[in-house]
Undergrad: 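Structure in structure tokens, see below.
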Amino acid sequence: MHDIRFIRENPDAFDAALKRRKLTPMASEILEADSNRRSLQAKIQEMQSRRNQTSKEIGALKAKGGDANALIAEVNEIKANMPALENEEAKLADKLDTWLLELPNILDASVPDGDDETQNELIRTIGDLPQFSFTPKDHVALGEGLGQMDFALGAKLAGARFVVLSGQLARLERALATFMLDTHTTEFGYVETLPPALVNSQTMTGTGQLPKFAEDLYRTDDKWLIPTAEVPLTNIVADEIINGAALPLRMTAYTQCFRSEAGSAGRDTRGMIRQHQFSKVEMVSIVHPDQSTEELDRMTSCAEAILQKLELPYRVLKLCSGDTGFSAQQTYDLEVWLPGQDEGRGMYREISSCSNCGPFQARRMKARFRDAETGDTRFLHTLNGSGLAVGRTLIAVLENGQQENGSILLPRALHGYMGTDRLVAKA
RNA sequence: GGAGAGGUGGCAGAGCGGUUGAAUGCACCGGUCUUGAAAACCGGCAAGGGUGAGAGCCCUUCGUGGGUUCAAAUCCCACCCUCUCCGCCA
């Protein structure tokens, strides 16, 4: 959500920000509605003031036993004219709210220009790519070879884009999630949290999924399935005024995530890369505005630590203007190396996305803190990042650890969690 | 699902249809006192918005949305949530 005061004071900067998002300038249109609304508001408030004042006089007069009929008639006269103005004001306020809620966040100055994911900026590449003396298989071949990954069964039970894992692979999912949570809680100070997986519309609006992206979500009668734990975790501070001394707040959660993938028909149809249901360990930080840039680097490094401990090669990209999400000011993507993709030639695929949303979500959520020095309330900054997407991590562990005979050597960090150092086919 | 009770400021907790934006206590901030701290005492302390150079003035908000009334935290209706009991159930 945008700050109308910022637009009033910096209309040109606002339009320039829209332009970076490939949107047409709107500041003058917004400001006209804003100015009309405010003048209506002033008129309405003036009438309300007179109404309140006269009503008090009526009370005082009646207390003395006087005849208040003339004053009552006066109030009725004032009130008769109010609904028309109020309706008009409400319509304008609605229009303004819709704009402010549906326009994407202003990009940070550091975000490179670009149209799409091909123009993201490579920041660093970490780890050595595994070398194979054979053509590496993808996780589908490997998982089915192990007899522990069944897409047909997923389809029977639920439909396309579902899978059933069993045996060691089912345990691997659990091991990865536990390993990630253990790392974030014991090494990085995130508080483990178990939030609802269904949330109401207000919560979905707080983080920016609604009102604009309803078609990407699954819904029940009156609730929505979370597409990421970012939604419930971030909204924990909605409508709150946090004591500034308590910042930063850091939370992590392992949850199932549900996405309709409405815009992705035909993409990534093979395998576990893009499922309607997947699990993810999410990190959320709630910080003082001065700290959010630094916190984004910290959060990104926390996600990277997981990849490093799992001995998975990856690269870090800064998303360009055309690829940065609706609520984000700036985003780092972590892409893991998947040697089995592209016919065994391998490719990098997104496994984490760490974003600083600045005050954008906080303004939607009314999430504030009290500044100890000034005593004022200010909007918090919110950040979220995957740490990591568990399903894609499982894919990476399979494809990077594969042996010619189809067994999988596990990274050392998982041996304790798995009770073994390798995955082998069912007997 | 049924019956009952209740939702008021950061927290606890008063509140008669009319000077109640809301008593009181706690917490918090400032001051007096003290070598320092504590205690005690004094003072301050809701959020959002409009307007104004500013001091200030004004509007809105007592779970949410409607309604009654000249006037609603207070009355009426619907919904949401919490608690207690009963039923059902992982």
Undergrad: For Arg370(A) and A47(B), is the shortest distance between a side-chain N/O and OP1 or OP2 below 4.0 Å?
TA: yes

Undergrad: Pick the P atom in C83(B) and in A78(B), then give their distance to the nearest Å.
TA: 23 Å

Undergrad: Suppose we screen for salt bridge (charged side-chain N to carboxylate O under 4.0 Å, His left out). Which residues come up paired with Glu74(A), at least two apart in sequence or across chains?
TA: none

Undergrad: Charged N to carboxylate O below 4.0 Å: is that the case for Asp113(A) and Arg20(A)?
TA: yes

Undergrad: If we take the C1' atom in both G7(B) and G63(B), what is their distance in whole Å?
TA: 6 Å

Undergrad: Is any side-chain nitrogen or oxygen of Arg378(A) closer than 4.0 Å to OP1 or OP2 of G48(B)?
TA: no

Undergrad: Would you measure the distance from the P atom in A23(B) across to the matching atom in A47(B) and give it in whole Å?
TA: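 Per the computed distance, 15 Å lies between those P atoms.
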
Undergrad: Both distances below 3.5 Å, Watson-Crick or wobble geometry, any strand: find the nucleotide opposite A39(B).
TA: none

Undergrad: Counting only Watson-Crick or G-U wobble pairs whose two distances fall under 3.5 Å, which nucleotide matches A46(B)?
TA: U61(B)

Undergrad: Pairing check on U51(B): which nucleotide meets the Watson-Crick or G-U wobble criteria with it, both distances under 3.5 Å?
TA: G56(B)

Undergrad: Give a yes or no answer on whether the side chain of Asn400(A) reaches the backbone of Trp337(A) with a donor-acceptor pair at less than 3.5 Å.
TA: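 It does hold such a pair.
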
Undergrad: Can you spot which of Val281(A), Leu414(A), Ile306(A) makes a side chain to side chain contact (heavy atoms under 4.5 Å, CB included) with Leu176(A)?
TA: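 Single side chain to side chain contact (heavy atoms under 4.5 Å, CB included) partner of Leu176(A) among Val281(A), Leu414(A), Ile306(A): Leu414(A).
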
Undergrad: Quick check: on RNA chain B, is the nucleotide nearest Arg5(A) upstream (toward 5') of the one nearest Lys56(A), or the reverse? Name the residue that is more 5'.
TA: Lys56(A)

Undergrad: When you check the phosphate oxygens OP1 and OP2 of U51(B), does a side-chain N or O of Arg38(A) lie under 4.0 Å from one of them?
TA: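 Checking U51(B) against Arg38(A), a side-chain N or O does come within under 4.0 Å of OP1 or OP2.
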
Undergrad: Now, which nucleotide makes the Watson-Crick or G-U wobble pair with C16(B), with each of the two distances under 3.5 Å?
TA: none

Undergrad: Looking only at atom P, what distance separates A71(B) and U61(B), rounded to whole Å?
TA: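 Nearest-Å result for A71(B) against U61(B) at atom P: 13 Å.
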
Undergrad: Could you tell me whether the phosphate oxygens of G18(B), OP1 or OP2, come under 4.0 Å of any side-chain nitrogen or oxygen in Asn52(A)?
TA: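 For Asn52(A), the contact criterion (side-chain N or O under 4.0 Å from OP1 or OP2 of G18(B)) is not met.
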
Undergrad: Nearest heavy-atom pair of His139(A) and Gly271(A): which atoms, and what distance?
TA: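 Result for this residue pair: NE2-CA, 3.4 Å.
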
Undergrad: If you measure from the P atom in A22(B) to the same atom in U60(B), how many Å do you get, rounded?
TA: 14 Å

Undergrad: Verify the contact: side-chain N or O of Ser49(A) to OP1 or OP2 of C57(B), cut-off strictly under 4.0 Å; return yes or no.
TA: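 For C57(B), neither OP1 nor OP2 has a side-chain N or O of Ser49(A) closer than 4.0 Å.
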
Undergrad: Between A12(B) and G17(B), how far apart are the two C1' atoms, rounded to whole Å?
TA: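 Approximately 27 Å lies between the C1' atom of A12(B) and that of G17(B).
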
Undergrad: Taking atom P in both A46(B) and A39(B), what distance in whole Å separates the two?
TA: 23 Å

Undergrad: Any side-chain donor-acceptor pair under 3.5 Å between Asp333(A) and Ser353(A)?
TA: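 There is such a pair (donor and acceptor under 3.5 Å, judged by atom type) between the side chains of Asp333(A) and Ser353(A).
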
Undergrad: Using the C1' atom as the point on both nucleotides, what is the distance between G10(B) and C28(B), in whole Å?
TA: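 That atom pair is separated by 9 Å.
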
Undergrad: Once you apply the 3.5 Å cut-off to both distances, tell me the Watson-Crick or G-U wobble partner of G1(B), or none.
TA: C86(B)

Undergrad: Please tell me which of the listed nucleotides, A47(B), C70(B), C58(B), lies nearest to the side chain of Arg368(A)?
TA: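 So the nucleotide nearest the side chain must be A47(B).
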
Undergrad: Quick one: look up who G10(B) pairs with, Watson-Crick or G-U, both distances under 3.5 Å, and put none if it's unpaired.
TA: C26(B)

Undergrad: Just to confirm, is there a sub-4.0 Å distance from OP1 or OP2 of A71(B) to any side-chain nitrogen or oxygen of Arg50(A)?
TA: no

